[in-house]
Amino acid sequence: QVQLVESGGGLVHAGGSLRLSCAVSGRTFSIYGMGWFRQAPGKEREFVASISRSGGSTFYGDSVKGRFTISRDNAKNMVYLQMNILKPEDTAVYYCATTTVAVPGSSARYDYWGQGTQVTVSS
């Protein structure tokens, strides 16, 4: 069993920044590719970013490219999402998830999910 706990969400003005964190426990963190997803009210879940086991490969959804950066610290069992130049349309609940795919993209199967953290961007 794997547990994921997201943190760092909050309310920010448009143009601002937030850094989300995801703490992973339960099994060896380095065996997992990791992803961030988000879901806004009334909308489908959307892929945001993913990172390979080693951290050497990253992928981003088109709507966040150039603004968001995913990273991981395997020594601390943590994955991060640095979000810059935030827009009101970034408002959503953000979730981190694990996958056994070594170099995951948006279409990988993600097995374990956190409970989510709310990000609200005001205009």
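Keep in mind the model is a prediction, meaning the values are calculated, not measured. Reckoned from all heavy atoms, side chains included, excluding hydrogens, waters and symmetry mates.
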- request: Compare every heavy atom of Pro104 with every heavy atom of Ser50, then report the nearest pair and how far apart it is.
  value: OG-O, 2.7 Å

- prompt: Is there side-chain contact between Thr117 and Val93, with heavy atoms separated by less than 4.5 Å?
  reply: no

Test item: Trp113 and Thr98 side chains (from C-beta on) under 4.5 Å apart, heavy atoms: no

Ile70 vs Tyr60, side-chain contact (heavy atoms from CB on, under 4.5 Å): CA-CA, chis, key distance, verdict: CA-CA 9 Å; Ile70 188 171; Tyr60 296 93; 3.5 Å; yes

query: To the nearest 0.5 Å, what is the distance between CE (Met83) and CZ (Arg67)?
result: 9.5 Å

- prompt: Cluster question for you: counting only ILVMFWY and a side-chain heavy-atom cut-off of under 4.5 Å, with indirect links fine, are Val79 and Leu4 together?
  reply: yes

message: What's the separation between atom OG in Ser106 and atom CZ in Phe59, rounded to the nearest 0.5 Å?
response: 9.0 Å

- prompt: Which atom names give the shortest non-hydrogen contact between Lys43 and Gln39, and what distance separates them?
  reply: O-NE2, 3.1 Å

message: Between Ser57 (side chain only) and Ser52 (backbone N and O only), is there a donor and an acceptor less than 3.5 Å apart?
response: no

message: His13 vs Ser123, test: side-chain contact (heavy atoms from CB on, under 4.5 Å). Steps then yes/no.
response: CA-CA 6 Å; His13 290 298; Ser123 57; over 6 Å; no

field: Residue that, paired with Tyr94, satisfies side-chain hydrogen bond (donor to acceptor under 3.5 Å, both in side chains) out of Glu6, Arg38, Gln118
entry: Arg38

- prompt: What's the spacing between Cys96 SG and Met34 CE if we round to 0.5 Å?
  reply: 5.0 Å

field: Geometric cation-pi criterion, Arg72 with Tyr80: 6.0 Å, 45°
entry: no

task: Kindly indicate whether the side chain of Val12, heavy atoms from C-beta on, has any atom under 4.5 Å from the side chain of Thr120.
output: no

message: Counting C-beta onward and ignoring hydrogens, is there a side-chain heavy-atom pair between Cys22 and Leu20 closer than 4.5 Å?
response: no

query: Do the charged groups of Lys87 and Asp90 touch, with an N to O distance under 4.0 Å?
result: no

- prompt: Mind checking whether Val64 and Val121 sit in one hydrophobic cluster, side chains of I, L, V, M, F, W, Y counted as touching below 4.5 Å?
  reply: yes

message: Walk me through whether Tyr112 and Gln1 qualify under side-chain contact (heavy atoms from CB on, under 4.5 Å).
response: CA-CA 8 Å; Tyr112 293 97; Gln1 193 72 10; 4.0 Å; yes

field: Modelled atom types, side-chain donor and acceptor of Thr99 and Arg53, under 3.5 Å
entry: no

Residue pair Tyr110 / Thr100, side-chain heavy-atom distance below 4.5 Å: no

- prompt: Quick one: is the NZ or CZ of Arg45 closer than 6.0 Å to the six-membered ring centre of Phe37, and within 45° of its axis?
  reply: yes

message: Let me confirm one number: the CG-CG distance from Leu18 to Asn84, rounded to the nearest 0.5 Å.
response: 9.5 Å

message: Do Met78 and Ser21 have side chains that approach each other closer than 4.5 Å (heavy atoms only, starting at C-beta)?
response: yes

field: Check: Thr91 and Val119 side chains under 4.5 Å, non-hydrogen atoms
entry: no

field: Gap separating the OG atom of Ser71 from the CD atom of Gln82, nearest 0.5 angstrom
entry: 8.0 Å

- request: Report the C-alpha distance between Val2 and Tyr32 in whole Å, list the side-chain angles of each, state the deciding distance to 0.1 Å, and finish with yes or no for side-chain contact (heavy atoms from CB on, under 4.5 Å).
  value: CA-CA 11 Å; Val2 178; Tyr32 294 111; 3.2 Å; yes

